[in-house]
S.K.: 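So that we are looking at the same thing, I have put the structure below in structure tokens.
Numbers restart at 1 for each chain; the letters A, B, ... are given by sequence-line order, proteins then strands.
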Amino acid sequence: MTLNFQAIRSIYKFEMARTRRTLMQSVAAPVISTSLYFVVFGSAIGSRITSVEGVSYGAFIIPGLIMLTLLTQSVSNASFGIYFPKFVGTIYEIHSAPVSFIEIVVSYVGAAATKSVIVGLIILATARVFVAYDIAHPLWMVAFLLLTAITFSLFGFIIGIWADNFEKLQVIPLLIITPLTFLGGSFYSIHMLPSVWQKITLANPVVYLISGFRWSFYGLADVNVGISLVAIFGFLILCLIAVSWIFRTGYKLKS
Amino acid sequence: MQNAAISNTPQTNATPATDAIVSIKGLSKTYASGFTALKHIDLDIRRGEIFALLGPNGAGKTTLINIVCGIVNPGEGSVAVAGHDIVRDFRATRAIIGLVPQELTTDAFETVWNTVSFSRGLFGKAPKPAHIEQVLKDLALWDKRNNKILTLSGGMKRRVMIAKALSHEPDVLFLDEPTAGVDVELRRDMWNMVRRLRERGVTIILTTHYIEEAEEMADRVGVINKGGLIVVEEKHALMRKLGKKQLILQLHKRMGGIPGSLASYDLELGADGTELIYTYDTQAERTGITALLRDLGAAGIGFKDLSTRQNSLEEIFVELIKSERE
Ligand SMILES: Nc1ncnc2c1ncn2[C@@H]1O[C@H](COP(=O)(O)OP(=O)(O)OP(=O)(O)O)[C@@H](O)[C@H]1O
Ligand SMILES: [Mg+2]
């Protein structure tokens, strides 16, 4: 089987052009809201909690804030990217084109992940304005960034296929992703929680993401980095299984 | 069925007709709702022809086209395009098909140029700006190439859809009601464009509710009703077979009935007895008009004017659908 690389290129380019057209919402909004987090949490709380495990509080929250944005951006970019053509009807052209689900997934998920990685990096740069930080393992940092972006873009893509109205499109990010990220240790180390909550928190997959990502910055981790990697790969594989099932059954794609 | 006369030799049945570019065999489609939109369709589209698919609203025209193009999953039966199965070999079949769908759905915020170039890439073709330029010029969209689609009129949007379908140089073009909501001049332009495409060897399948369009353009006509294909025929043969011609005489004086001396003619009275209508077969050796006029003179019946009219495809179509209902 030869893949239709021209098609992948076309869809990817098209999606990136859409991002450029909406530069204000897609880039400026997350940057502004993250800056606000820095001001509110970094300055206000940071003046009480001076450091967490030897890292200044302002620097401590950077990986968590980036993850927060990365997750929400990946899910919303990818889900909207595939939902919109379904909604306006332009999906007909994708269906009538010589492309399989593989090209569709690679191009839409690739574009969504690219965009959220760009936003993540911009936030990383913006953080410099507020606090100084070091990155202990830059390659691992990039690896976590990419893996998370791809995995959650895949997840968003699945939501976009499943959703048949705008409400469904919003409900999972709003009711699941955002709470899990806030409770996933973006703003605190889980060691700061009472011991019962420490156990409960471990059921939250986002904890592993943030912990691993923070480790790549400061060498500090709430859970072992190996476990973080296994968790991300596990979720990636789950998403891939779901996508291949959608592909095989044509679920919600064609009548 | 109607086309039995065309394929009654055993050889043509045993080996698939080599000139069929689209070959539909026993195709049925039942939607998830349980509604059966297509019932066992057999249809061969010949390479290079213009085929018009006619039928009332909801007959199944769009369903049929969408299955061949890959937008709707086929039910029972099989479809082959240029010898490739549309499911197993979908890359091969879709690459050579262009589709202009019935609904106007475009990426409102894209420019004309970008959206047409996008389509070409999507169909796996390397960029070829010269071709896109030619297509846009042919469709009078060149001046609008940098405009966003949302700034275009409905007719222009329809042309953008056609440009997208032609962007990858397809061998088979499906036009699902291409001229709905299009003004007379533009419709003429489209017809000319379709003819030019045909000259280049492109096979064209179109659906339309304007029967004069089929009459003007098509080589062959298929009529579909309630999911079943009820006629497939050469357009001229269909019009010959089912078309009748009438001579209408405006009489000087009202007639109460047809005189016995004219009983051998197929005559009827119209317009309260002031019109005499003579129906004849255009294919017959003699139309009988000369004899009729002579006999009218002999019977002392005078007329002040005369005209003829031929059954249009439209009337034939309406007749066909009506007889299906009965
Ligand atoms: N997705 C669907 N689910 C269920 N029924 C459908 C679906 N799409 C079409 N139908 C039904 O199938 C039948 C055929 O529809 P189709 O669109 O093929 O008709 P058509 O001949 O193109 O009509 P028109 O001239 O109005 O465009 C209709 O009764 C329609 O309601
Ligand atoms: Mg239709």
S.K.: For chain A, find which of B:K29, B:E103, B:K125, B:H168 contributes the most heavy-atom pairs closer than 4.5 angstrom.
M.R.: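 That would be B:K125.
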S.K.: Output the distance between atom CZ (B:R94) and atom NE2 (A:H95), rounded to the nearest 0.5 Å.
M.R.: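 Here the interatomic distance stands at 9.0 Å.
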S.K.: Using non-hydrogen atoms only, which part of B:A95 is less than 4.5 Å away from chain A: side chain, backbone, both, or neither?
M.R.: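 Contact with chain A is through both the backbone and side chain of B:A95.
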S.K.: Flag yes if more than 12 heavy atoms outside A:F166 fall under 6.0 Å of its CZ atom; otherwise flag no.
M.R.: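 Check passes, neighbour count above 12.
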S.K.: If the test is side-chain contact (heavy atoms from CB on, under 4.5 Å), which one of A:S96, A:P98, A:S100 qualifies with B:F90?
M.R.: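 With B:F90 as partner, A:S96, A:P98, A:S100 yield a single side-chain contact (heavy atoms from CB on, under 4.5 Å), made by A:S100.
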S.K.: CZ of B:F123 to CD of A:Q6: how many Å apart, nearest 0.5 Å?
M.R.: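 So the CZ of B:F123 and the CD of A:Q6 are separated by 13.5 Å.
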S.K.: Are B:R120 and A:S10 close enough that a side-chain donor and a side-chain acceptor fall under 3.5 Å?
M.R.: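 Their side chains do not contain a donor-acceptor pair, so the 3.5 Å distance test is not met.
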S.K.: Any side-chain heavy atom of A:R9 sitting closer than 4.5 Å to one from B:P127?
M.R.: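 Yes; the side chains approach each other to less than 4.5 Å.
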S.K.: If you define the side chain from C-beta out and look only at heavy atoms, does anything of A:K13 sit under 4.5 Å from B:F118?
M.R.: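 A:K13 vs B:F118: side chains apart.
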S.K.: Show the nearest heavy-atom pair for residues B:L122 and A:N4, with the distance to one decimal.
M.R.: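 Smallest interatomic distance, heavy atoms only, reads O-ND2, 3.2 Å.
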S.K.: May I ask you to check whether over 12 heavy atoms, not counting those of B:R88, lie within 6.0 Å of atom CZ?
M.R.: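 Not buried by this count: 12 neighbours or fewer within 6.0 Å.
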S.K.: Which one of A:S107, A:A97, A:A17, A:A7 has the most heavy-atom pairs closer than 4.5 Å to chain B?
M.R.: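 Winner by heavy-atom pair count: A:A97.
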S.K.: Of the backbone (N, CA, C, O) and the side chain (C-beta and beyond), which part of B:Y31 lies under 4.5 Å from a heavy atom of chain A, both, or neither?
M.R.: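 Answer is side chain: those atoms of B:Y31 sit under 4.5 Å from chain A.
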S.K.: Do A:Y92 and B:N66 have side-chain heavy atoms sitting under 4.5 Å apart?
M.R.: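 Contact flag for A:Y92/B:N66 side chains = no.
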S.K.: Report which part of A:I8 has an atom under 4.5 Å of a heavy atom belonging to chain B: side chain, backbone, both, or neither.
M.R.: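 It is neither, since no heavy atom gets under 4.5 Å.
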S.K.: Can you measure from CZ (A:F14) to CG (B:N114) and round to the nearest 0.5 angstrom?
M.R.: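 The distance works out to 9.0 Å.
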S.K.: Which value, rounded to the nearest 0.5 Å, describes the distance between A:E93 atom CD and B:S167 atom OG?
M.R.: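 A:E93 atom CD to B:S167 atom OG measures 7.0 Å (nearest 0.5 Å).
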S.K.: Other residues, nucleotides and ligands only: do more than 12 of their heavy atoms fall within 6.0 Å of CH2 on A:W140?
M.R.: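 Check fails, neighbour count at 12 or below.
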S.K.: With a cut-off of 6.0 Å (strictly less than), are more than 12 heavy atoms of other residues, nucleotides or ligands near CD of B:E76?
M.R.: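 No, because the 6.0 Å sphere around CD of B:E76 holds 12 heavy atoms or fewer from other groups.
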S.K.: Between B:A126 and chain A, with a heavy-atom cut-off of 4.5 Å, which part of the residue counts as in contact: side chain, backbone, both or neither?
M.R.: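 Both backbone and side chain of B:A126 come within 4.5 Å of chain A.
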S.K.: If we define contacts as heavy-atom pairs under 4.5 Å, which of B:T106, B:L104, B:D107, B:T93 has the most with chain A?
M.R.: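 Among B:T106, B:L104, B:D107, B:T93, the one with the most close pairs to chain A is B:D107.
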